[in-house]
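Heads up: the structure comes next, in structure tokens.
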Amino acid sequence: MSEKLWIFDTTLRDGEQVPGCQLNTQEKIIVAKALEELGVDIIEAGFPISSPGDFNSVQEISKAVSNPIICALSRAVEKDIEVAAAALKYAKKGRIHTGIGVSPYHIQYKLRSTPEEIIRRGVAAVKFAKQFVEDVEFYAEDAGRSEPDFLCKIIEEVIKAGATVVNIPDTTGYCLPEQYGGFIANLKNRVPNIDKAIIATHCHNDLGMATANTVAGVQNGARQVEVTINGIGERAGNTSMEEVVMAIKCHQSIPVHTDIVTQKIYQTSRLVSKLMNMPVQPNKAIVGRNAFAHSSGIHQDGVLKHRENYEIIDPKEVGVEESSIVLTARSGRAALKHHLDALGVELEGEELRKVYEEFLLLADSKRDIGRKDLLELVGKYMDESNFIELEEVTYSSNGEINAQVKVKIGNESHEASASGVGPVDAVLTAIEKVVQPQVDLEEFLIQAMTHGSNDVAKVHMRVIKSDKPYYGFASNQDIVLASAQAFVDALNKIPVKEYVTA
Ligand SMILES: CC(=O)SCCNC(=O)CCNC(=O)[C@H](O)C(C)(C)COP(=O)(O)OP(=O)(O)OC[C@H]1O[C@@H](n2cnc3c(N)ncnc32)[C@H](O)[C@@H]1OP(=O)(O)O
Ligand SMILES: CC(C)C(=O)C(=O)O
Ligand SMILES: [Mg+2]
């Protein structure tokens, strides 16, 4: 059985130190709840002494979240620790994170102190924090540039003082993986009471090494990793949670596991990006727009034959529906055929070769080729009459009326759900979500054929698209189904290229 690796998320503290990313309390609660659902073990909710707003956020998150430990940051200063403890009053499980700089730079130039005095202040801070909570984490700031002997000494002393977790930050993102792993190995081998505390990594990305350093830390004995969603954080950012979690999941030789629900990674990434107004770079590992996009012919052919040829992670594992095959002038026939099949146009041999030639001419003049472009190319080969097929309709009313639909477009099935003022409204809205035709429903008539309660309803609809009317008809004993079928009938009469936008 592998050992548990504790996931300490500091998106709301270190992540929020990014200029322009500050969140209000309500937004922080939304993120904290998402982190809880994601399966994070510890949420660093803020630095309560820093402002009344941050104090309030830590307090409200403590009330709103049940499972994760809520952690509050402080300096090795009594007032900071008292305020952190007060902010954690409502936490079901609270942790105070206190510490001090340990590198020669920090000791001499920032704190204007001496190594002996730093040990004394670190120990005093841990002892003081222990009066409020059992769970006290000590950070040795700038440990990545510290003297290993001094680091061992201060870590031994703060553990004696009661630290339950010892955090070894590479605050300036200076270390190389071997070097950072060496710090952790050194502590494991030389600090006599190290088994009484968990070692935490906290790496920054100034040289793009944060994930590599964190993984090296884990390989050398760290059992807590301090990370942020999307790797946000001061300067070049912190270690990104999604990268570490997936690196560990992909490499079973690392003898640890996490409790992260990886299928929620993508949605959490997008939530944080949206609330913090911080776009995710397209080539960002795991959560970037292109992380599962294949655009060159040889890769596309390989992925279509067997996904693992070019993918080490199944996109579904991180909550991305599926990989995408992007059509460009570097695409080959396999990719083109894949997209045409999806549109219900099955071309082979000479026909495929001709369309491919035309496709290349178009692709050389455009960056990306979308479905609309393909329809222009292959319109003549298509049977548009039943391009949209209604496969399944269900609806329920539990106070709110909800509908789920399964609709086939070309050869691909899509599902959507929606609520509405009544079942017909809910079903039609769900269909529109899938098809996205942006039509105006101008006329909608339901006629009973024989007037009994088991009557057949006859539905007639008129929809407008680009100023032109299209008519749909259907009849069914189920009035909702009849309406949905009439709507799809009308949509099928609109030329496909009129509403395919991508
Ligand atoms: C590596 C990190 O991410 S650490 C966390 C960084 N985050 C933040 O700084 C955000 C919150 N910070 C703040 O709101 C403010 O800086 C406060 C409230 C903490 C302090 O504000 P001020 O009292 O005005 O001090 P100021 O910010 O100017 O300077 C920091 C002081 O803390 C001292 N200090 C820094 N780290 C520590 C520490 N871990 N323990 C004790 N003292 C420390 C500095 O030496 C300096 O003291 P000095 O003025 O005696 O030289
Ligand atoms: C406060 C500490 C943990 C920190 O963020 C750092 O050293 O980078
Ligand atoms: Mg940091």
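The residues of the chain are indexed from 1 along the displayed sequence. As the structure lists them, so they are numbered: ligands from 1, and atoms in each ligand from 1. For the numbers below, each heavy atom of this structure counts, side chains included, while hydrogens, waters and symmetry mates do not.
Distances shorter than 4.0 angstrom occur between a heavy atom of Arg121 and an atom of ligand 1. Ligand 2 lies less than 4.0 angstrom from a heavy atom belonging to Arg13. Taking a 4.0 Å cut-off on heavy atoms, His97 registers as neighbouring ligand 2.
No side-chain donor-acceptor contact under 3.5 Å links Glu16 and Thr11. Side-chain contact annotation: Thr25 with Ser57, donor-acceptor N/O pair under 3.5 Å present. No donor-acceptor contact under 3.5 angstrom links the side chains of Gln108 and Arg112, judged on distance only. Side-chain contact of Ser396 with Asn402: a donor-acceptor pair under 3.5 Å is absent, judged by distance alone. Looking only at atom types and distance, the side chain of Glu226 has a donor-acceptor partner in the side chain of Asn167 under 3.5 Å away. In this model, a donor atom of one side chain and an acceptor atom of the other lie less than 3.5 Å apart for His204 and Asp14. Looking only at atom types and distance, the side chain of Thr214 has a donor-acceptor partner in the side chain of Thr239 under 3.5 Å away. A donor-acceptor contact closer than 3.5 angstrom is absent between the side chains of Gln436 and Gln438.
Nearest N, O or S atom of His202 to the Mg ion (ligand 3): atom NE2. Of all N/O/S atoms in Asp14, OD2 sits nearest the Mg ion (ligand 3).
In this structure, atom 44 (C) of ligand 1 has its sub-4.0 angstrom surroundings free of protein heavy atoms. Distance remark: protein heavy atom not present below 4.0 angstrom from atom 15 (C) of ligand 1. Distance check for atom 36 (N) of ligand 1: a protein heavy atom is found below 4.0 Å. Per-atom contact check: atom 32 (O) of ligand 1 touches the protein, criterion being a heavy-atom distance below 4.0 Å. Within the 4.0 Å cut-off (strictly below), no protein heavy atom is located near atom 22 (P) of ligand 1. In this structure, atom 50 (O) of ligand 1 has no protein heavy-atom contact shorter than 4.0 Å. Distance check for atom 27 (O) of ligand 1: every protein heavy atom is found at 4.0 Å or beyond. The nearest protein heavy atom to atom 3 (O) of ligand 1 is closer than 4.0 Å.
Classification of Lys93 and Asp135 as a salt-bridged pair fails, no side-chain N sitting under 4.0 Å from a carboxylate O. A salt bridge does not link Lys28 to Glu60: none of the charged nitrogens lies less than 4.0 Å from a carboxylate oxygen. A salt bridge does not link Lys153 with Asp149: every distance from a Lys NZ or Arg NE/NH1/NH2 to an Asp or Glu carboxylate oxygen is 4.0 Å or more.
Looking only at side-chain heavy atoms (C-beta outward), Asn230 and Glu242 come within less than 4.5 Å of each other. Using a 4.5 Å heavy-atom threshold, the side chains of Leu327 and Leu374 count as touching. With a 4.5 Å cut-off on side-chain heavy atoms, Asp373 and Phe359 do not count as touching. In this structure, Ile107 and Pro115 have side chains that are in contact, with non-hydrogen atoms separated by less than 4.5 Å.
In terms of protein heavy-atom proximity, atom 20 (C) of ligand 1 is nearest to Arg75 NH1, 3.4 Å. Closest protein heavy atom to atom 40 (N) of ligand 1: Ala76 N, 3.0 Å. Atom 1 (C) of ligand 1 has its closest protein heavy atom at Glu141 OE2, 3.2 Å. The shortest contact between atom 4 (C) of ligand 2 and any protein heavy atom is with His202 NE2, 3.4 Å. For atom 13 (C) of ligand 1, the nearest protein heavy atom (residue, atom name, distance) is Ser50 CB, 3.8 Å. Nearest non-hydrogen protein atom to atom 7 (N) of ligand 1 is Gln17 OE1, 3.3 Å. Considering only non-hydrogen protein atoms, atom 10 (C) of ligand 1 sits nearest to Phe47 CD1, 3.8 Å.
Polar contact with ligand 2: absent for Tyr139 (N/O pair, distance under 3.5 Å).
Contacts with ligand 2 closer than 4.0 Å are made by side-chain heavy atoms of Asn167 only, the backbone lying farther away. The residue Tyr109 has no part lying near ligand 1, judged by heavy-atom distances below 4.0 Å. Contacts with ligand 1 closer than 4.0 Å are made by side-chain heavy atoms of Arg13 only, the backbone lying farther away.
Below 4.0 Å from some heavy atom of Pro169 lie the following atoms of ligand 2, by number and element: 6 (C), 7 (O). Of all the atoms in ligand 2, the ones that sit under 4.0 Å from a non-hydrogen atom of Asp14 are 5 (O). Residue Glu141 approaches ligand 2 through these ligand atoms, each under 4.0 Å from one of its heavy atoms: 7 (O). Taking every heavy atom of Tyr139 and a limit of under 4.0 angstrom, the matching atoms of ligand 1 come to 39 (N). For ligand 2, the atoms lying closer than 4.0 Å to a non-hydrogen atom of His204 are 8 (O). Atoms of ligand 2 found under 4.0 Å from any heavy atom of Thr171, numbered from 1 in the order shown, are 6 (C), 7 (O), 8 (O). Close contacts of ligand 1 with Lys110, meaning ligand atoms under 4.0 Å from a residue heavy atom, involve 35 (C), 36 (N), 45 (O).
No more than 12 heavy atoms of other residues, nucleotides or ligands sit less than 6.0 Å from atom OH of Tyr105.
Taking CE of Met246 as the start and CD1 of Ile286 as the end, the distance is 6.0 Å to the nearest 0.5 Å.
The ring of Phe47 has its center no closer than 6.0 angstrom to the ring center of His97.
Among Gly99, Gly233, Ala125, the residue whose heavy atom sits closest to atom 39 (N) of ligand 1 is Gly99.
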